[in-house]
Structure formats: structure tokens, C-alpha cells
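Per chain, numbering begins at 1; letters A, B, ... match sequence-line order.
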Number of protein chains: 2
Amino acid sequence: MSLLKGRPNGHILCVGHLCVDIISLCSTYPEEDQKVGTTTRRNRCIDQRWQRGGNAANNCTVLGLLGSKPYFCGTIAASHERSFIMDDFAKYDVNTEYAVVHEGCECPASCVILSEATGSRTIIHCNKDLPELAVDEFKKVNLSNFSWIHFEGRNVSNIREIIELVREYNSSHSESQPIIISVEIEKAKPEVEVLVPLADVIFVARDYAAYKGYTSMDDAIANIQLLAMPEATVICPWGEMGASACTGKKAIVRSPVFSPPKVIDTLGAGDTFIAATIYSLFEGKSLQESIRFGCKIAGAKVGVRGWEPLRDIITNIMHNFHAHS
Amino acid sequence: MSLLKGRPNGHILCVGHLCVDIISLCSTYPEEDQKVGTTTRRNRCIDQRWQRGGNAANNCTVLGLLGSKPYFCGTIAASHERSFIMDDFAKYDVNTEYAVVHEGCECPASCVILSEATGSRTIIHCNKDLPELAVDEFKKVNLSNFSWIHFEGRNVSNIREIIELVREYNSSHSESQPIIISVEIEKAKPEVEVLVPLADVIFVARDYAAYKGYTSMDDAIANIQLLAMPEATVICPWGEMGASACTGKKAIVRSPVFSPPKVIDTLGAGDTFIAATIYSLFEGKSLQESIRFGCKIAGAKVGVRGWEPLRDIITNIMHNFHAHS
């Protein structure tokens with residue numbers, strides 16, 4: 001049932017976006033024109049912190065916590081945020097050999113507002129002038145190092161060409177296990193659909209499903225399958241409904257949500273689900289086990305603030321994971 | 001009618017808070033849990049920028065643009081934002097000789113969301129560990145340099161002692177013109193009221209008036225006058241209603257609002273009103289002329305993004321200001 005025949009030798013590479021998240025945790029989401037301070041009465045700013053962000057960068061954080069020594073490939077601005085970002089990648093054991101540094105541009109940033117009352121994360125993202133990853137920049141990646149490459153669904157025209165390069169590599173190395181290609185379809189933009197037929201594994205975000213008018217996980221899976229390769233795996237997480245997934249014409253498998261005692265911080269929950277699901281598939285678990293593992297780790301993540309407290313939780317969960325291998 | 005007898009020799013000193021404002025301009029105020037990007041469909045992040053902020057720091061910016069070479073006194077964190085802050089003070093000709101640098105703490109920051117649709121500014125401020133100005137730190141200020149000291153209404157117990165120091169200085173230098181003491185009463189906190197009886201000029205913000213349940217400018221002025229010194233001047237700006245002011249038992253004077261063609265950015269509008277009104281009073285203009293000048297400059301400010309475009313507008317307005325001197 002597993003996507004990979006035997007335990008792969010290579011690493012996981014995540015290709016996508018990197019930014020700084022400036023995160024404000026408030027007791028409730030501010031009303032328009034409100035002034036919220038650390039000691040204001042009606043609403044309060046409980047904490048403010050910087051966090052390395054971006055979907056692919058978050059995928060790497062979680063893969064790093066799971067112990068898989070992932071690689072990040074994407075562009076980085078040579079602005080004063082850079083040392084913070086590189087130190088933080090190192091902290092989570094992420095290899096940045098294929099990060100491409102650009103001089104003379106600003107680091108993309110997200111202002112994120114977390115509401116303690118509802119667990120919501122409101123994101124205001126701005127990317128002024130950081131170039132997207134170019135095809136030639138990706139050509140420097142030594143593909144023989146990798147068994148799985150995950151692509152964030154953005155920078156579509158370049159990523160399309162980049163995936164073609166990986167497919168060509170697979171064709172010309174048919175003696176070895178092909179590199180698995182996964183994509184995340186999240187952004188509510190028409191062009192991201194182009195990536196669906198190119199991937200072995202497609203993660204469809206609920207935001208994208210809503211944008212397309214898909215009414216349920218099954219509806220989203222069925223519609224994406226129409227565009228995907230016949231044997232492709234389509235995985236669809238759906239917030240408090242858990243996740244469903246399906247490979248080719250097989251039956252849909254499902255996982256419930258694993259809610260923490262209290263939802264604290266949902267920022268990066270979707271990225272966590274993807275990373276943990278990839279990790280599990282990579283380790284040879286079944287699709288059903290893998291989305292369950294994804295839901296479990298994502299559930300643990302939303303129960304804690306930021307990434308660091310996830311370290312101990314993952315250590316405990318991993319103990320069980322390997323015990324049942 | 002003017003507060004000062006003749007053109008004073010000294011400078012204006014503003015005492016208060018300094019932070020970094022991380023400002024996101026969105027087409028509309030984000031809904032809770034929304035994800036807003038530079039190219040998203042429903043709502044868009046048009047710009048993101050850093051700006052030196054804090055009420056007293058903003059007062060200094062506007063006084064600097066008006067050409068009065070103000071001084072800033074307050075605490076600054078020795079974090080990586082410091083060079084940005086000091087460069088920006090220099091750009092507006094603000095003297096930072098009395099800024100007190102603290103090692104090992106974080107720079108207070110505000111995440112500010114501006115709505116292009118409504119002109120609103122929503123502020124989420126966090127100050128983790130930057131100490132407030134201590135009385136001993138203020139003692140280093142050479143008071144003979146100054147003719148006017150403006151205090152932001154915060155750090156109340158220290159500011160109370162600091163104002164006493166200034167009053168003692170005034171008493172022991174009765175041969176020279178006393179230093180005028182102004183305070184801004186803005187924060188919705190019970191303790192700021194303590195500063196009212198200590199000041200020659202009191203700026204009462206609408207936010208504070210709302211907190212106290214004052215229903216109009218006249219109501220706010222009357223209530224503040226009950227606590228103020230008999231000859232004190234109470235000045236009350238009230239958004240789109242303009243401003244009113246009153247000295248002692250004299251008649252209330254008023255100014256209409258001067259709205260720009262389009263409200264672009266209201267962040268710092270109140271600080272602009274205060275700075276411009278102080279500048280005008282300092283230049284010997286009447287209370288009525290001064291609040292009108294305050295409303296005019298504040299109206300110009302809300303019509304432009306940030307501070308820099310205010311430079312040319314002020315040059316034009318100042319041409320008239322001095323022509324009628």
C-alpha cells in the first residue's frame with residue numbers, strides 16, 4: 001500500500017516560500033480601529049514574537065522535528081532578517097545548501113494576529129520584491145540526494161518546468177526508485193491547478209476547495225482526481241473534520257481530527273499536516289496510517305504556541321510510531 | 001493671549017515612548033482568520049513598511065518637519081531595530097542626546113493595520129521588557145536648554161516626579177521665562193488623571209474622553225478643567241469634529257477639521273495635531289490660531305502615507321504661517 005517500495009535512501013526536499021512572521025497573540029481579534037496594548041482593558045496583546053514562516057519553510061521545521069533532516073530550496077532576501085532565518089533553520093536541523101540568497105531586496109513578511117479566544121490566525125502577507133525561485137537555480141540541486149520533493153503551489157510556471165526536470169531525472173534513472181513528487185494546492189488562484197497532473201501526491205487545502213466551490217473532502221478529492229494522473233494520491237485535510245485521502249480508484253481512507261485540550265495557535269497547522277503525512281508515507285506507512293499521523297501531529301501543533309513546544313510532544317508520539325513499525 | 005511672553009529662546013523637548021511600527025496597508029480591514037496577500041482577490045495587502053513610532057517620537061517627527069529642532073527624551077532598546085530608529089530621528093532633525101539606551105531588552109513594536117477603504121488604523125502594541133524612563137535619567141537633561149516640555153501621559157509615577165523637578169526649576173529661575181509643561185492624556189487608564197493638575201497645557205484625547213464617558217469636546221474640557229490649575233489650557237481634538245480649547249475661565253475657542261480629498265493614513269494624526277498646536281503656541285500665536293494650525297497639519301497628515309510626503313505640504317503651509325506673523 002505504500003508509495004515507496006522499501007525505505008528510501010535519499011532526503012526530503014521542500015521547495016517554496018520563506019518569510020518572517022511577526023506574530024501578535026491577542027485575547028480576541030481586534031475590532032477595526034481599536035488600539036490594543038499589553039495592558040489595555042477590552043482586549044490585550046499577550047505576546048509578540050518573530051517566527052520563520054512560509055509553507056515550505058514550515059514543512060521543513062516539522063520534518064526537522066520528526067528527525068528527517070530535510071532540505072529547503074527557495075529564495076532568501078539578504079536583508080537584516082537573514083541571520084535570524086538561517087539560525088532558525090539550523091535550530092530545526094534543516095539543510096539550507098539550496099537556499100538562494102538575493103541582494104538588494106526586502107524579506108517578505110507576514111503580520112499574523114492570533115486570537116486566544118477563537119484560535120484563529122489572521123495573516124497579512126507582503127512580498128515586495130523577492131524574486132521567486134528560477135529554473136536555473138533549481139538545476140544546482142543534486143537530485144540523486146533526494147527521494148521525495150515537495151512543492152508549494154506557487155511560482156507555477158517555474159515549478160512546472162522544475163517538476164519536468166525531476167520527471168526527466170526519474171525517466172533517465174529507471175534502475176533506481178523514482179523521486180516522489182508532491183504538490184500543495186492551497187492558494188485561491190486559477191493557475192495552481194496546472195500542477196495537479198504533474199504530481200504523484202497532491203495535497204488540496206480547504207481554502208482552495210472553498211475557492212473552487214467544492215463542498216466536502218470527497219467532492220474535492222473527486223474533482224482533483226479528474227485532473228490528476230490515474231494512480232496519483234489526493235489528500236485533503238479539512239480542519240475540524242480531519243482528513244480524507246484516495247489513491248487512484250481505491251477506496252477513500254479517512255482520519256478524524258485530534259483536537260488538543262485547547263486550541264492555542266493554528267498558524268502552520270496545514271503545513272504540519274502535510275509534513276507529518278509526507279514523513280509517514282516516506283517511512284513506508286499506509287495512506288490511512290499516514291493521514292492519521294498527519295492529523296495527530298497537526299492536532300498537537302495547534303495546542304501549543306509556536307514550534308518549540310512541539311519538540312517534546314513529537315518525541316513521545318515518535319516513540320509509539322516506531323514501536324508499531 | 002499667547003502662553004509665552006515673547007519668542008522663547010529654548011527648544012521643545014518631548015518625553016515619552018518610542019517603538020517600531022510595522023505597518024500593513026490593506027484594501028479593507030481583514031476579517032478574522034482571513035489570509036491577505038499582495039495579490040489575493042477579496043482583500044489585498046498594498047504595502048508594508050517600518051516606521052518609527054510612539055506618541056512622543058511622532059510629536060518630534062512633526063516638530064522636526066516644522067523646523068523647530070526638537071529633542072526626544074525616552075528609553076530605547078539596544079536591539080537590531082536601534083540603527084533604523086536613530087537614522088530616522090536624524091532624518092527629521094530630532095536631537096536624541098537625551099535618549100536612554102537599554103541593553104538586553106526587546107524593542108517595543110506595534111503591528112498596525114491601515115484600511116484603505118475606511119482610513120482606520122488598528123494598532124496591536126507589545127512592550128515586553130523595555131524599562132520606562134527613570135527620574136534619575138531625566139535629571140541629566142539640561143533644563144536651561146528648553147522652553148517647553150511635553151509629556152506623553154504614561155509612566156505616571158515617574159513623570160509626576162519629573163514634572164515636579166521642572167516646576168522646581170521654574171521656581172528657582174523666576175527671573176527667566178518658565179518652561180511650559182504640557183501633557184497628553186490619551187490612555188484609557190485611571191492613573192493618567194494624576195498628571196492633569198501638574199500641567200500648563202493639557203491635551204485630552206477623544207479615546208480618553210470616551211473612556212471617562214465625556215460626551216462632547218465641551219463636556220471633556222469642563223471635566224478636565226475641574227482637575228486642572230485655574231489658568232491651565234485644555235485642548236481637545238475630536239476627529240472629524242475638529243478641536244476645541246479653553247484657557248481658565250475664558251471662552252472656548254474652536255477649529256473645524258481640515259479634511260484632505262481622501263483619508264489615506266490616520267496613524268499619528270493625534271500626535272500631529274499636538275505637535276503642530278504646540279509649535280504654533282510656541283511661536284506666539286493665539287490659542288484659536290494654534291488649534292486651527294493643529295487641525296490643518298493633522299488634516300494634511302491623514303491625506304498622505306507616512307511622514308515623508310508631509311514635508312512639502314508643510315513647506316507650503318509654513319510659507320503662509322510666517323507671512324501672517
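Proximity of a side-chain donor or acceptor of A:S27 to a complementary backbone N or O of A:R44 within less than 3.5 Å is detected. Under a 3.5 Å cut-off, the side chain of A:K301 and the backbone N or O of A:G306 do form a donor-acceptor pair.
Ranking A:I123, A:I22, A:N127, A:D47 against chain B, the residue ahead of the rest is A:I123, based on heavy-atom pairs under 4.5 Å.
Scanning residues 30-37 of chain A against chain B with a 4.5 Å heavy-atom cutoff picks out A:P30, A:E31, A:E32, A:D33, A:Q34, A:K35, A:V36, A:G37, ordered by number.
With a threshold of 4.5 angstrom between heavy atoms, A:N43 does not approach chain B through any atom at all.
Between B:T277 and B:F203 there is a side-chain heavy-atom pair separated by less than 4.5 Å.
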Ignoring hydrogens and angles, write down the donor-acceptor pairs under 3.5 Å from the side chains of residues 107-116 of chain A, residues two or more places apart or on other chains.
from, atom 1, to, atom 2, distance (Å)
A:S110, OG, A:H125, ND1, 2.7
A:S115, OG, A:A117, N, 3.3
A:S115, OG, A:T118, N, 3.2
A:S115, OG, A:T118, OG1, 3.2

In residues 266-273 of chain A, what donor-acceptor pairs under 3.5 Å come from side-chain atoms, sequence neighbours left out?
from, atom 1, to, atom 2, distance (Å)
A:T266, OG1, A:G119, O, 3.0
A:D271, OD2, A:N58, ND2, 2.8
A:T272, OG1, A:G268, O, 2.7

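Taking the side chain to side chain donor-acceptor pair (under 3.5 Å) definition, one finds that B:E161 meets it with nothing, sequence neighbours left out.
Under the 6.0 Å distance and 45° angle rule, B:R52 counts as a cation-pi partner of B:F89.
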